[in-house]
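These notes are about the structure you will find just below.
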Amino acid sequence: MKWSQTLIPTLKENPSEAEIESHKLMIRAGLIRRITAGAYAYLPLGTLVLNKVIDIVREEMNRGGAIEVFLPALQPLNLLEESGRLNVFGDDLITFEDRHGKTTALGPTHEEIITDIVRNEINSYRQLPITLYQIQTKFRDETRPRFGVLRSKEFIMKDAYSFDVDYEGLNRRYKAMYDAYCRIFDRCGLDYIVCEADSGAMGGDVSHEFMVPSHVGEDLLIRCMECGYSANRERAEAAPISSKNNATLQEIKEISTPHTHTIQEVSNFLKVKPDTLVKTMIYISDGQPVAVLLRGDHEVNETKLTKLLGQEAVALADHNTIEHVTGARVGFAGPVGLQIKIIADQAVSVLRNFVTGANKPDAHLLNVNPERDFKIDRIADIRYVTKGDRCPKCNHEIDISQGIEIGHVFKLGTKYSDALKAKFLDSNGREKSMIMGCYGIGVNRIIAALIERSHDENGIIWPLSLAPYKVIIIPVNVNDAAGMKMANQIYDEIVNVAGVEVLLDDRDQRPGVKFKDADLIGIPIKIVIGKKFTETKELEIKLRKSGETFLTPPGEVHMKIRELCERLSKP
RNA sequence: CGGGGCGUAGCGCAGUUUGGCUAGCGCGCCUGCCUUGGGAGCAGGAGGUCGGAGGUUCAAAUCCUCUCGCCCCGACCA
């Protein structure tokens, strides 16, 4: 492609709309333009990169045994009602009314659609297993689109769904997809971490997230640098806190604490650290209030709590219920004297002589101790891991960092096949629910995540596999006939080499402009026809990433390019 | 949805507090000259309903009311 023939609108200055590097660079390099909040247009360069990613995803999904389909973005509400997810998605769902008054949604994901197809078309174990996937635009009315294509209202996703006759089959399918994901991200040149994740609103039991470590990531990664344990925030566990606390039990004492509602206020008022306080939170589970005890510096993990209580969801009790149950305003609840079930976090169970609310207005209790002063009904891990916690596997100190989620694989089990009655007859003629898995990749996010990890002060640094063009030819002076002739000759040669896309910067611009632009758009290999060519008839080949430079006679250029491409495509 | 900020030329911004504007600056764009190894120089030029609507005033980018859009923090988020 010749630069003058395409549209690559580069910008010298940073756009005011962008906050993070990848977003700034995608705009400056002319990959994307914002059309409205959370929706971006891909310009020619961005489209080329997008297609590179899609090609890789498609190849590896096919290799992993998945079969491509293409589902509609328009979805009827009744299927979402049937699966019970209409409420789950709530306001995130983008809907509209058609001319007949029927409400239709723009698909946020496609479990229901694919399950509907499969339940209609597959009836026998003989037709299973099967994994179907598509690459489609998804729509979610994000409360706050952010960071360019990292969180947008409209985004491209590769989503795959597997259907098996049993869990052994699901495990094989899961492994095949997991492996395909590794190949995809490897080929994209991404550094990624696989971490255990909770399956969240998707349902199901086991799941893994593929994360790219980045300080702009919106997810927290809990990792052990010693043994490799990694999990997301919802899922991560900490090693139990040692119970070797031999402190003598002190006498319980009530103390006046006017207007101290929060842990911080109590902590300041009593001049004690938050980790010697215990907070008592009243939750509603199955319609009944339960008390949840946490150390003052810890936060409740509602995902763990929900699972522990065996509920679909739990919620904090409202103020009236709290006052009714505890006899005091919010902020003064404590376990002593409570008539409801008490669940204590493991970290609380090993504390001695701690401070709690007194279940009276403006009062707290000092030197509270379990067993002596109240009874714990259940001890469990119900909190988020925090700094200072230790690895549950090897007890090394845990590391907490941020990451961008680029892929997620779930074992769904029968959540959707039960809800939507996707059943088959097994070899004994018995009807069974299909065992499902689902597997997603954020295609746009791969691009943004890659740029976050691979850029310098001059611009993007593409890996060969995603580069919109592998080679850029820069004739330093387009008015120099000999140089231009050579540029065109080299262009013709390389353009015919399979798989080596080349861009010829034929603009009548000063060399500085062309060099800056070439660096900005991140083309891996640069061929410069300038001073050296005039002097010695040699061409200069320079690598974007390392800055390495080679001088090559024109006759050997295409061999050299081949060689460099081979070298650069190795990890 | 709560809190904060911003809408002035394609992009980045000044001017708004204290009304006087025929609205300015840098980049980009167009023409010519000159220049050609890291975002050159000179000269000339085009480009604006100051987000929109209404109001106050002799006079509004500037003050008031409403409205639309965008960004940031939070809440939210397979």
Side-chain angles (χ1 to χ4, degrees), chain A residues 7 9-20 23-24 27-28 30 33-39 83 85 88-93 107-112 138-148 150-153 155 157-161 197-204 207-210 217-220 232-234 302-303 404-412 415-416 437-442 445 457-459 474-480 483-484 505 507-520 526 528-535 539-540 542 547 549:
Chain A
L7 177 65
T10 58
L11 298 176
K12 211 182 279 190
E13 286 170 290
N14 273 324
S16 62
E17 74 188 67
E19 190 81 355
I20 63 171
H23 189 190
K24 289 178 189 166
I27 293 167
R28 281 192 56 208
R33 287 292 183 265
R34 191 192 65 221
I35 299 303
T36 182
S83 71
R85 283 211 299 179
V88 176
F89 283 112
D91 289 339
D92 278 0
L93 201 64
T109 172
H110 282 75
E111 279 77 11
E112 286 81 1
K138 310 283 180 182
F139 299 87
R140 292 185 196 177
D141 193 0
E142 293 287 346
T143 48
R144 189 177 160 204
R146 223 191 305 213
F147 299 149
L150 269 188
R151 179 166 295 281
S152 47
K153 290 191 180 186
F155 56 99
M157 185 177 206
K158 185 288 301 170
D159 49 323
Y161 308 90
D198 190 82
S199 37
M202 294 298 292
S207 91
H208 286 92
E209 283 177 349
F210 290 75
E218 294 182 89
D219 295 284
L220 283 183
N232 73 2
R233 184 166 186 248
E234 304 301 320
E302 291 189 0
T303 305
I404 300 166
E405 182 187 355
I406 50 169
H408 204 154
V409 291
F410 297 83
K411 289 184 187 178
L412 291 175
K415 181 182 164 86
Y416 295 97
C438 82
Y439 319 91
I441 287 181
R445 276 190 179 181
E457 64 281 5
N458 293 314
I474 302 179
V476 161
N477 182 359
V478 295
N479 299 312
D480 170 38
M484 259 330 264
D505 190 349
R507 295 175 300 168
D508 185 4
Q509 288 284 1
R510 294 177 57 83
V513 173
K514 297 190 181 194
F515 290 139
K516 287 287 186 191
D517 271 348
D519 287 349
L520 178 61
K526 194 156 51 192
V528 181
I529 299 161
K531 205 159 53 189
K532 270 287 166 207
F533 178 70
T534 318
E535 289 165 2
L539 305 183
E540 189 180 317
K542 191 170 182 182
T549 307

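First the proteins, then the strands, lettered A, B, ... as listed; each starts at 1. As the structure is a prediction and not an experimental result, all values here were calculated from the model.
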Between [options], spot the one nearest the side chain of [X], thanks.
{"X": "A:R28", "options": "B:U36, B:A75, B:G39", "answer": "B:G39"}
{"X": "A:R146", "options": "B:G74, B:G39, B:G37", "answer": "B:G74"}
{"X": "A:E13", "options": "B:G74, B:G12, B:G37", "answer": "B:G12"}
{"X": "A:R510", "options": "B:G39, B:U35, B:G38", "answer": "B:U35"}
{"X": "A:A37", "options": "B:C70, B:U36, B:G38", "answer": "B:C70"}
{"X": "A:K516", "options": "B:U36, B:G37, B:G39", "answer": "B:G39"}
{"X": "A:K12", "options": "B:C29, B:G39, B:G74", "answer": "B:G39"}
{"X": "A:R144", "options": "B:G37, B:C70, B:C72", "answer": "B:C72"}

Problem set entry | Any side-chain heavy-atom pair of A:F515 and A:V528 under 4.5 Å | yes
Could you please name the partner base of [N], counting Watson-Crick and G-U wobble pairs only when both distances are under 3.5 Å?
{"N": "B:A40", "result": "none"}
{"N": "B:G10", "result": "B:C27"}
{"N": "B:U57", "result": "none"}
{"N": "B:G74", "result": "B:C1"}

For this session: Might you confirm whether atom CG of A:N479 has over 12 heavy atoms from other residues, nucleotides or ligands at distances under 6.0 Å?
Result: yes
For this session: Run the numbers on A:E17 and A:I27 for side chain to side chain contact (heavy atoms under 4.5 Å, CB included), then give the verdict.
Result: CA-CA 10 Å; A:E17 74 188 67; A:I27 293 167; 3.4 Å; yes
Exercise. Looking at A:S16, does any N or O in its side chain come under 4.0 Å of the phosphate oxygens OP1/OP2 on B:G12?
Worked result: yes
Exercise. Is the shortest side-chain N/O distance from A:R34 to OP1 or OP2 of B:G69 below 4.0 Å?
Worked result: no
Exercise. Pick the nucleotide of RNA chain B nearest each of A:V478 and A:F147; which residue has the one closer to the 5' end?
Worked result: A:V478
Exercise. A:I529 or A:K138: which one's nearest nucleotide on RNA chain B is closer to the 5' end?
Worked result: A:I529
Exercise. Nearest-Å distance, CD (A:Q509) to C1' (B:G39)?
Worked result: 9 Å
When the [atom1] atoms of [N] and [M] are considered, how many whole Å apart are they?
{"N": "B:G15", "M": "B:G51", "atom1": "P", "answer": "14 Å"}
{"N": "B:A14", "M": "B:G41", "atom1": "C1'", "answer": "26 Å"}
{"N": "B:A9", "M": "B:G26", "atom1": "C1'", "answer": "13 Å"}

Exercise. Rounded to the nearest 0.5 Å, how far does NZ of A:K24 lie from CD of A:E19?
Worked result: 7.0 Å
Exercise. What about A:N458, does its side chain sit under 3.5 Å from the base of B:G38 through a donor-acceptor pair?
Worked result: no
